[in-house]
Amino acid sequence: MSSVESQRRVLSGMRPTGRLHLGHYHGVLKNWVKLQHEYECFFFAADWHALTTHYETPRDIEQSIWDMMVDWLAAGVSGNSATLFVQSQVPEHAELHLLLSMVTPVSWLERVPTYKDQQERLRDLDLATYGFLGYPLLQSADILIYRAGQVPVGADQVSHVEFTREVARRFNHLYGKEVGFAEKAEAAVHKMGKKAARLYGNLRRAYQEQGDTEALETARALLKEQQNITLGDKERLFGYLEGGGKVILTEPQELLTPDSKMPGLDGHKMSKSYGNTITLRDTTDEIAEKIRRMPTDPARVRRNDPGNPDVCPLYEFHKVYSNDSTRDWVQKGCRSAGIGCLECKQPVIDAIAAELGPMQQRATEYESNPDAVRLIISEGTERARDAARDTLSEVRQAMGLQYRQ
Ligand code: TRP
Ligand code: SF4
């Protein structure tokens, strides 16, 4: 696979640790639905990652995978546009994780900020395990095995993508130097033909001797156009431009998902660990019940007290769900005590129910046709395994593990 193809490939995963909620929908799934039409997308259930924290209750994971996949499909992620699979069904991730562990300093893992943070936050779980320390490296294997150039993540995961780049760089540095790399690269230069070869040589020199990054970009563009050299040679020439060896593992970039503004029922960000969620499967009655119980402006004790939407958690929902005229109705009615809080909550209840209704209908259809869902996952798994096997075989070769009997 070439660097150009890597740039078009997106990979992301989600841990199956419970019911998906509106935060997942607004923060992740809507973005995936859009990306699947713009990139070659791989989306997977990170069940091994769920095990790193929930190893005492592994039975819940299976049901969560199933519910999660149905929710993805119901939200509009499509098995035709994207490749959907379950991490543990592609055991190649585990082999790459093991091989990467040989070259990853323990101190790099200890320094990843989420390591100590999560141990603090999830204090009722014993996370002093080898598996939990290796969480970001397993994530690196997930990404690198598909040579994905782009990884859509929230701000909390950016450090894991940075870590992945460091691991890839170290791997390429250690194993990208084939025997006779420079000779092979020079031979590849000639295969491009006289004119292109001369241009490549000049641009490479301009970059290496004068640090001319524009020359580097032009040379890369030149390589992308070449049709008479093999992909292996192309990769060599990409590496040779910068003086290094062959690029075996692609350094990924984070595709930062804008922070979801989805508020929770208590005014904090919606999150399962805060117990402030509306799940994608809540019935209209459950939605109504949850919204009606929500706290409002604490200064508005009686119906006749005027309120202030700026300090009211419910108003955060109007920001997501209401149009200007409804928001104007709230602003005026609240500040003048013209409307009551229950009255104010009704349009939010209606809007959430309207958003979830069609999704829940699709979820019911998928649930009553489990074979269709299984087929989507098994076809996705096959596609994923093909791509993973390709990378792994190059990795084994680069590390000298391609033994012949
Ligand atoms: N750690 C990610 C999260 O908690 C899930 C994940 C696992 C992931 N592997 C990944 C995300 C690879 C992106 C790429 O959200
Ligand atoms: Fe909040 Fe609406 Fe009540 Fe004002 S009227 S306090 S915005 S719920």
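Remember, it's 1-based here, ligands and their atoms both numbered in the order they're listed.
Gly307 does not count as a contact of ligand 2, since none of its heavy atoms falls under 4.0 Å from the ligand. At least one heavy atom of Arg300 sits closer than 4.0 Å to an atom of ligand 2.
The protein atom (non-hydrogen) at minimum distance from atom 2 (C) of ligand 1 is Gln157 OE1, 3.3 Å. Protein heavy atom in closest approach to atom 3 (Fe) of ligand 2: Cys341 SG, 2.3 Å. The protein atom (non-hydrogen) at minimum distance from atom 10 (C) of ligand 1 is Gln139 CG, 3.4 Å. At the top of the distance list for atom 7 (C) of ligand 1, counting protein heavy atoms only, stands His49 ND1, 3.3 Å. With hydrogens left out, the protein atom closest to atom 9 (N) of ligand 1 is Asp142 OD2, 2.7 Å, a heavy atom. Protein heavy atom closest to atom 8 (S) of ligand 2, with residue, atom name and distance, is Thr296 CG2, 3.4 Å. What sits closest to atom 1 (Fe) of ligand 2 on the protein, heavy atoms only, is Cys312 SG, 2.3 Å. The single protein non-hydrogen atom nearest to atom 4 (Fe) of ligand 2 is Cys334 SG, 2.3 Å, given as residue, atom name and distance. Looking only at protein heavy atoms, the nearest one to atom 5 (C) of ligand 1 is Gly13 O, 3.6 Å.
A salt bridge does not link Asp285 with Lys290: every distance from a Lys NZ or Arg NE/NH1/NH2 to an Asp or Glu carboxylate oxygen is 4.0 Å or more. Comment: Arg121 does not engage Asp117 in a salt bridge, judged by the lack of any side-chain N to carboxylate O separation of less than 4.0 angstrom. A salt bridge does not link Arg389 with Glu95: none of the charged nitrogens is closer than 4.0 Å to a carboxylate oxygen. Salt-bridge formation is not detected for the pair Arg147/Glu251: no Lys NZ or Arg NE/NH1/NH2 atom is positioned less than 4.0 Å from an Asp or Glu carboxylate oxygen. Ion pairing between a basic and an acidic side chain is recognised when a charged N comes within 4.0 Å of a carboxylate O; Asp386 and Arg383 show no such pairing.
Side chain to side chain, Ser271 and Ser273 meet the donor-acceptor criterion of an N or O pair below 3.5 Å. Checking Gln157 against Gln139 by side-chain atom types alone, a donor-acceptor pair falls below 3.5 Å.
Residue contacts with ligand 1, taken as heavy atom pairs separated by less than 4.0 Å, involve Phe44 solely via side-chain atoms from C-beta onward. Residue-level proximity to ligand 1 for Val151 is carried by the side chain, the only part with a heavy atom below 4.0 angstrom. Neither the backbone nor the side chain of Gln87 comes within contact range of ligand 1; no heavy atom lies under 4.0 Å.
Listed by number with element, the atoms of ligand 2 under 4.0 Å from a non-hydrogen atom of Asp297 are 6 (S). Those atoms of ligand 1 with a heavy atom of Tyr135 less than 4.0 angstrom away are 1 (N), 2 (C), 3 (C), 4 (O). Those atoms of ligand 2 with a heavy atom of Val330 less than 4.0 angstrom away are 7 (S). Close contacts between ligand 1 and Leu11 involve ligand atoms 12 (C), 14 (C) [criterion: under 4.0 Å to a heavy atom]. Per-residue contacts place Arg15 under 4.0 angstrom from the following atoms of ligand 1 (heavy atoms of the residue considered): 4 (O). Residue Ala46 has at least one heavy-atom neighbour below 4.0 Å for each of these atoms of ligand 1: 7 (C). Close approach of ligand 1 to Ser12 (heavy-atom distance below 4.0 Å) involves ligand atoms 13 (C).
Shortest non-hydrogen contact noted between Val33 and Gln36 is O-CG, 3.0 Å.
Of the listed residues (His21, Arg281, His24), just one forms a side chain to side chain donor-acceptor pair (under 3.5 Å) with Asp71, and that residue is Arg281.
Within the model, atoms CG of Leu22 and CD of Glu355 stand 6.0 Å from one another, a figure rounded to the nearest 0.5 Å.
Ring pair His93/Tyr146: centre-to-centre distance below 6.0 Å.
Distances from atom 3 (Fe) of ligand 2 show that Cys344 has no N/O/S atom below 2.8 Å.
Around atom NZ of Lys269, no more than 12 heavy atoms belonging to other residues, nucleotides or ligands sit under 6.0 Å away.
Considering only heavy atoms from C-beta on, Leu99 stays 4.5 Å or farther from Phe171 through its side chain.
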